[in-house]
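Keep in mind that the numbers below use all heavy atoms, side chains included, and drop hydrogens, waters and symmetry copies. Small disclaimer: the values here were computed from a predicted structure and weren't measured.
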Amino acid sequence: NDRTDSLVPFLGIIVLGIGDAAGALCGSMFGKIQWPTSKRTVEGSIAMLSSMVVSDVLIREMFGFVWNMHVVCEGALYYYLPLTVLEAVTLQIDNLCLPLVALVLSSLR
């Protein structure tokens, strides 16, 4: 299966373990531009999104999934961009919301 949903079992790790952690680290170290509705930073959001896309590619390579840039871009737009926006606007409960929304998005597909 070469669709993005082949990574569904890895979404929690990609979103929280990699994306949220990279966003928090880069946002706290380099963040200067805050989103209007939260204390989160644009730089942290960019780090979150880019780290999830890179980890998507690395996991596909490590586990031998068939992939191409179309599949990765589709995953970025369908999963990672909405989850990054959600992380930027949630105040405290993003560790609960992000995996649940990822699960819902994967089930709608």
Side-chain angles (χ1 to χ4, degrees):
N1 188 1
D2 66 341
R3 292 189 45 202
T4 304
D5 58 3
S6 61
L7 287 186
V8 168
F10 300 98
L11 280 177
I13 295 167
I14 292 171
V15 173
L16 283 183
I18 298 169
D20 193 41
L25 182 66
C26 290
S28 64
M29 290 179 67
F30 307 110
K32 300 213 183 313
I33 305 166
Q34 287 188 331
W35 290 110
T37 58
S38 75
K39 62 181 178 156
R40 311 263 165 103
T41 64
V42 173
E43 296 86 354
S45 295
I46 291 169
M48 179 179 184
L49 180 61
S50 58
S51 68
M52 289 189 294
V53 171
V54 168
S55 64
D56 183 297
V57 171
L58 292 175
I59 289 172
R60 288 178 189 283
E61 278 294 316
M62 285 174 32
F63 289 95
F65 291 121
V66 176
W67 69 278
N68 56 43
M69 282 311 292
H70 173 76
V71 171
V72 173
C73 291
E74 184 180 88
L77 290 174
Y78 190 79
Y79 290 111
Y80 307 136
L81 184 60
L83 291 168
T84 300
V85 171
L86 177 64
E87 196 274 338
V89 299
T90 55
L91 299 176
Q92 293 293 325
I93 56 171
D94 62 325
N95 287 348
L96 177 63
C97 290
L98 292 176
L100 291 175
V101 170
L103 182 64
V104 169
L105 288 174
S106 69
S107 69
L108 295 175
R109 207 134 184 226

Revision key, fill the gap. In short, salt bridge (Lys or Arg N to Asp or Glu O under 4.0 Å) pairs touching residues 42-53 with sequence neighbours left out are none
All N/O donor-acceptor pairs, side-chain side in residues 14-22, below 3.5 Å, sequence neighbours left out:
none

Review point. Which residues satisfy the side-chain contact (heavy atoms from CB on, under 4.5 Å) test with S45, sequence neighbours excluded?
Key: W35, T84, A88
Exercise for review: Would you please name every residue forming a side-chain hydrogen bond (donor to acceptor under 3.5 Å, both in side chains) with T41, sequence neighbours left out?
Suggested key: none
Point to revise | Plane angle bin for F10 and F65 - parallel if under 30°, tilted between 30 and 60°, otherwise perpendicular | key: perpendicular
Study note, to complete from the structure: Applying side-chain contact (heavy atoms from CB on, under 4.5 Å) to L103 and not counting sequence neighbours gives S106
Point to revise | Point-to-point distance, once rounded to the nearest 0.5 Å, from CG of L83 to CG of L105 | key: 6.0 Å
Check your understanding: What distance do M52 atom CE and Y80 atom OH have between them, rounded to the nearest 0.5 Å?
Key -> 7.5 Å
Point to revise | By ring-ring contact (aromatic ring centres under 6.0 Å, His included) - contacts of F30 (at least two apart) | key: none
Practice item. For L98 and M48, run side-chain contact (heavy atoms from CB on, under 4.5 Å): C-alpha distance rounded to whole Å, both residues' side-chain angles, the deciding distance at 0.1 Å, then the answer. Key: CA-CA 12 Å; L98 292 176; M48 179 179 184; 4.0 Å; yes
**Study point:** Least distance between heavy atoms, N68 atom then H70 atom
**Key:** OD1-N, 3.0 Å
Review point. What about V57 and V8, same hydrophobic cluster or not, with Ile/Leu/Val/Met/Phe/Trp/Tyr joined at side-chain heavy-atom distances under 4.5 Å?
Key: yes
Point to revise | Gap separating the CD1 atom of I93 from the CG atom of L86, nearest 0.5 angstrom | key: 8.5 Å
Check your understanding: Are V42 and L49 connected in a single hydrophobic cluster, I mean Ile/Leu/Val/Met/Phe/Trp/Tyr linked by side-chain heavy atoms less than 4.5 Å apart?
Key -> no
Check your understanding: In terms of hydrophobic clusters joined by side-chain contacts under 4.5 Å, are F63 and L11 together?
Key -> yes
Revision key, fill the gap. Students should find that the hydrophobic cluster of V54, defined by side-chain heavy atoms under 4.5 Å apart, otherwise consists of L58
Practice item. Tell me, with the steps shown, if Y79 and E74 meet side-chain contact (heavy atoms from CB on, under 4.5 Å). Key: CA-CA 8 Å; Y79 290 111; E74 184 180 88; over 6 Å; no
Review point. Under the side-chain contact (heavy atoms from CB on, under 4.5 Å) test, which residues partner L108, sequence neighbours left out?
Key: Y78, V104
Review point. Are P82 and V101 close enough that some pair of their side-chain heavy atoms sits under 4.5 Å apart?
Key: no
Exercise for review: Under the side-chain contact (heavy atoms from CB on, under 4.5 Å) rule, collect the residues that match up with A24, sequence neighbours excluded.
Suggested key: none
Check your understanding: Which pairs pass salt bridge (Lys or Arg N to Asp or Glu O under 4.0 Å) with one or both residues in residues 84-97, sequence neighbours excluded?
Key -> R40-E87, R40-D94
